[in-house]
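To keep things clear, I will list the structure first and then write my remarks on it.
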Amino acid sequence: MTTSSVFCNAIPVLPAQDISKSIMFYEQRLGFTKRFEFDDYAGVTRDAIEVHLWLCEDSYIPKNTSCRINVKNIEELYAEYQRVDVIHPNSKLELKSWGLKEFVILDLNGNAIHFAESVD
């Protein structure tokens with residue numbers, strides 16, 4: 001299939017039970033900055049990464065939602081997130097068999113965010 005379309009980036013959209021509290025968590029614990037906020041939708045950024053949050057009253061949904069963010073210098077990020085105690089208890093930084101160094105954090109709502117770095 002030939003196409004002239006080019007994929008540029010992806011923005012994960014994660015469920016949040018309280019938009020304002022979720023923004024504060026992303027800012028204070030994960031180092032993001034609020035980009036915008038509405039009653040039921042918000043966006044936060046860190047470097048080139050943007051994450052959107054949508055209001056979701058069902059706590060089951062975020063506890064079963066995840067995304068992956070590729071980073072550079074993952075060891076430094078891991079140490080930063082260890083200090084604020086957001087590392088998933090079963091996900092220490094390690095080299096996976098698929099060639100990525102990765103770890104997982106849980107946000108305020110229970111969304112799992114996988115941080116990964118390619119090992120060449």
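Please read all numbers here as calculations on a predicted model, not as lab measurements. Note: hydrogens, waters and symmetry copies are ignored here, and every other heavy atom, side chains too, is used.
- At most 12 non-hydrogen atoms from other residues, nucleotides or ligands lie less than 6.0 angstrom from CG of D85.
- Between the OG atom in S20 and the CG atom in L53 there is a gap of 10.5 Å [rounded to 0.5 Å].
- Checking S22 against N109 by side-chain atom types alone, a donor-acceptor pair falls below 3.5 Å.
- For Y81 (side chain) and I105 (main-chain N/O), no donor-acceptor pair under 3.5 Å exists by modelled atom type.
- Taken together through direct or relayed side-chain contacts under 4.5 Å among Ile, Leu, Val, Met, Phe, Trp and Tyr, W54 and I69 form parts of separate hydrophobic clusters.
- The shortest side-chain heavy-atom distance between M24 and K34 does not fall under the 4.5 Å cut-off.
- Nearest heavy atoms, G99 versus L95: C-CD1, 4.1 Å.
- Every residue two or more places apart in sequence or in another chain that forms a side-chain contact (heavy atoms from CB on, under 4.5 Å) with K92 is listed here: Y78.
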Check the pair C56, Q17 against side-chain contact (heavy atoms from CB on, under 4.5 Å), reporting the backbone distance first and the verdict last. CA-CA 5 Å; C56 173; Q17 292 186 280; 5.6 Å; no

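- The CZ atom of F32 sits 7.0 Å away from the CD1 atom of I49 when rounded to the nearest 0.5 Å.
- Put simply, V51 and I61 are part of two different groups of oily side chains (I, L, V, M, F, W, Y) that touch within less than 4.5 Å, one to the next.
- Electrostatic pairing of E117 and K72 does not count as a salt bridge here, judged by no charged N lying under 4.0 Å from a carboxylate O.
- Partners of N70 under the side-chain contact (heavy atoms from CB on, under 4.5 Å) rule, at least two apart in sequence or in another chain, are R68, A116.
- The closest side-chain donor-acceptor pair between E27 and T33, if any, does not fall under 3.5 angstrom.
- If you take CD1 on I11 and NE2 on H52, they are separated by 4.5 Å, rounding to the nearest 0.5 Å.
- Listed by chain and number, the residues in a side-chain contact (heavy atoms from CB on, under 4.5 Å) with K63 are S59 (sequence neighbours excluded).
- Distance alone, capped at 3.5 Å, places no donor-acceptor pair between the R35 side chain and the V44 backbone.
- Using a cut-off of 4.0 Å between Lys/Arg side-chain N and Asp/Glu carboxylate O, R83 and E80 are scored as not salt-bridged.
- Rounding to the nearest 0.5 angstrom, the gap separating the CG atom in L14 from the CD1 atom in I113 is 5.5 Å.
- Between F36 and Y41, the ring-plane angle classifies as parallel under the 30° and 60° cut-offs.
- In the hydrophobic clustering of this structure, V13 groups with F38; members are Ile, Leu, Val, Met, Phe, Trp, Tyr whose side-chain heavy atoms approach within less than 4.5 Å, directly or through other members.
- Side-chain heavy atoms closer than 4.5 Å link hydrophobic residues (I, L, V, M, F, W, Y) into clusters, and following such links, possibly through other members, connects L55 to F25.
- Listed for the N111 side chain is no donor-acceptor partner under 3.5 Å among the backbone atoms of D107.
- Atoms CZ and CG, from F103 and L77 in turn, are 4.0 Å apart once rounded to the nearest 0.5 Å.
- In this structure, E94 places its CD atom where more than 12 heavy-atom neighbours from other residues, nucleotides or ligands lie under 6.0 Å away.
- Counting only distance, with no hydrogens or angles, the side chain of D18 and the backbone of K21 share a donor-acceptor pair below 3.5 Å.
- Cluster annotation: V104 and L93 are assigned to distinct hydrophobic clusters (Ile/Leu/Val/Met/Phe/Trp/Tyr, side-chain heavy-atom contacts under 4.5 Å, transitive).
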